[in-house]
Amino acid sequence: MRDHEAMLAAFAAQLARRGLGEHQIAELLDHLHCSIEQRIDAGDSPVVATRAAIAAVGDVADVTREYQKEGLMHPLQKLLGIAFVFLVFVVALNLQGAHMTVLVSEVAVIPLLMITGVTLGGLVASFGVQRTARMFSVSVLGRRASLDEAPLLLQVCLRGQRLAWTGCVLMVTTSAMHICSVLDNPAMIGPAIAWTLIGVVYAALIADLGFGSAERWITLQAA
Amino acid sequence: MASRKLVAASSAPILMSVLAAGESYGYAIISRVRAVSGGELQWTEGMLYPVLHRLEQQGLVEATWRTAETGRQRRYYRLTSAGKKALAEERAAWDRVHDTLQALTPEVSRA
């Protein structure tokens with residue numbers, strides 16, 4: 001393979017590794033061929049022309065990030081995905097013999113309240129009501145974030161992720177203390193362990209599917 | 001030279017304006033914009049295609065793969081009727097910005 005063809009093949013491989021589809025790469029390669037032909041007509045060698053054409057296309061990371069916006073999912077669609085995950089969780093519980101009311105029982109609601117309470121309380125204490133509400137309106141309702149406010153909103157998302165896990169740690173600690181206090185009553189141990197496990201699931205959903213998705217949405221919008 | 005933000009904000013209406021003159025493909029669109037702007041609008045070439053694809057998702061342009069005269073497969077873009085309407089609205093908005101700037105410029109010069 002000639003040098004300039006090898007350069008094109010390497011560029012295409014880089015794009016493929018970053019997740020671009022066959023048609024997207026084919027279109028960019030056609031663009032590169034046009035650009036290379038024009039540069040060769042102007043007197044460049046094939047290698048120099050190929051190098052210049054690839055440089056003009058731009059940094060691979062920037063280009064692929066721009067392409068990722070194509071598949072950008074609206075937050076409401078994302079919420080639908082979260083609801084689906086929740087549904088699978090309910091079905092799995094039912095298959096294991098647990099009744100789905102366990103999810104709305106005191107066992108499940110208390111850890112949820114603890115984690116959301118720590119998360120929202122921490123966000124309001126750190127950023128105030130207005131900025132916290134703005135992050136939710138951008139990431140949940142799909143409002144457009146301006147370039148100027150995006151860095152702050154991203155900070156809110158990252159803090160939200162950390163706070164969700166902090167809430168989880170507090171909930172697990174509380175639960176462990178509760179288990180220790182009821183060791184002489186085996187009937188109380190099962191619900192306490194269920195509380196802990198369900199709380200970890202809620203923390204994962206809130207931190208990754210919730211704030212993680214919001215962070216990706218704002219990053220790609222502002223990029 | 002136009003700033004990066006201005007280039008990004010104007011990319012969709014400029015692409016639609018080029019396509020209003022007839023069907024075209026990526027490289028030809030960039031060459032046309034470069035020629036008309038005298039090199040003042042410098043696009044990162046790889047950024048053009050995602051913008052075209054978004055316009056396609058919005059139904060403002062439609063695209064077809066065909067074999068070009070070089071024998072390579074090439075994607076051609078064409079403005080839809082919704083695209084023509086959107087372009088007219090964009091042009092009106094940009095004209096308002098331009099007119100406002102024009103009207104304010106003498107005041108800025110005097111200040």
Side-chain angles (χ1 to χ4, degrees), chain A residues 5 8 11-12 14-16 18-42 49-74 77 144-150 220-223, chain B residues 1-12 14-15 18-19 23-35 37 39 41-78 93:
Chain A
E5 287 173 351
L8 281 179
F11 184 70
Q14 266 186 305
L15 295 171
R18 285 180 174 267
L20 256 65
E22 186 188 340
H23 284 101
Q24 293 166 330
I25 294 173
E27 191 171 35
L28 280 174
L29 285 179
D30 177 53
H31 176 96
L32 282 171
H33 280 295
C34 291
S35 178
I36 291 165
E37 283 158 11
Q38 196 180 43
R39 289 167 202 272
I40 289 174
D41 287 346
T50 306
R51 194 171 293 136
I54 289 174
V57 164
D59 180 69
V60 172
D62 291 340
V63 172
T64 47
R65 191 161 44 239
E66 198 66 24
Y67 271 100
Q68 282 166 355
K69 288 183 187 174
E70 280 180 40
L72 198 56
M73 204 185 287
H74 191 279
Q77 284 178 284
R144 191 154 188 85
S146 71
L147 284 173
D148 295 335
E149 68 178 343
L220 288 172
Q221 264 201 337
Chain B
M1 186 78 70
S3 73
R4 195 176 158 214
K5 279 185 186 175
L6 186 59
V7 170
S10 61
S11 59
I14 286 176
L15 289 177
V18 174
L19 293 174
E23 185 183 70
S24 191
Y25 60 97
Y27 189 76
I29 294 172
I30 283 187
S31 302
R32 174 88 180 121
V33 173
R34 192 179 292 139
S37 72
L41 277 181
Q42 290 287 354
W43 281 345
T44 306
E45 296 179 7
M47 302 296 188
L48 161 82
Y49 294 97
V51 179
L52 279 169
H53 295 179
R54 279 201 291 280
L55 292 175
E56 187 187 2
Q57 283 173 351
Q58 292 163 12
L60 303 179
V61 303
E62 52 191 14
T64 48
W65 283 95
R66 286 208 303 276
T67 307
E69 67 278 7
T70 57
R72 287 193 299 271
Q73 284 293 300
R74 180 168 290 159
R75 200 155 194 242
Y76 290 89
Y77 295 88
R78 187 174 48 241

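Owing to the predicted nature of the structure, the values given are computational and were not obtained by experimental measurement. Each chain gets a letter, A, B and so on, in the order its sequence line appears, and its residues count up from 1. Computed from heavy atoms alone, side chains included, the values below leave out hydrogens, waters and symmetry copies.
- Among residues at least two apart or in separate chains, side-chain hydrogen bond (donor to acceptor under 3.5 Å, both in side chains) pairs with a member in residues 25-36 of chain A are A/E27-B/H53, A/E27-B/Y77, A/D30-B/R72, A/D30-B/R74, A/H31-B/E45, A/H31-B/Y49, A/S35-A/R39.
- Rounded to the nearest 0.5 angstrom, A/Q38 CD and B/Y27 OH are separated by 3.5 Å.
- Here A/C34 is the residue among A/C34, A/G58, A/A53 with the most heavy-atom pairs under 4.5 Å with chain B.
- For B/I30, the part sitting under 4.5 Å from any heavy atom of chain A is the side chain, from C-beta outward, and nothing else.
- Residues meeting the side-chain hydrogen bond (donor to acceptor under 3.5 Å, both in side chains) test with A/D59, sequence neighbours left out: none.
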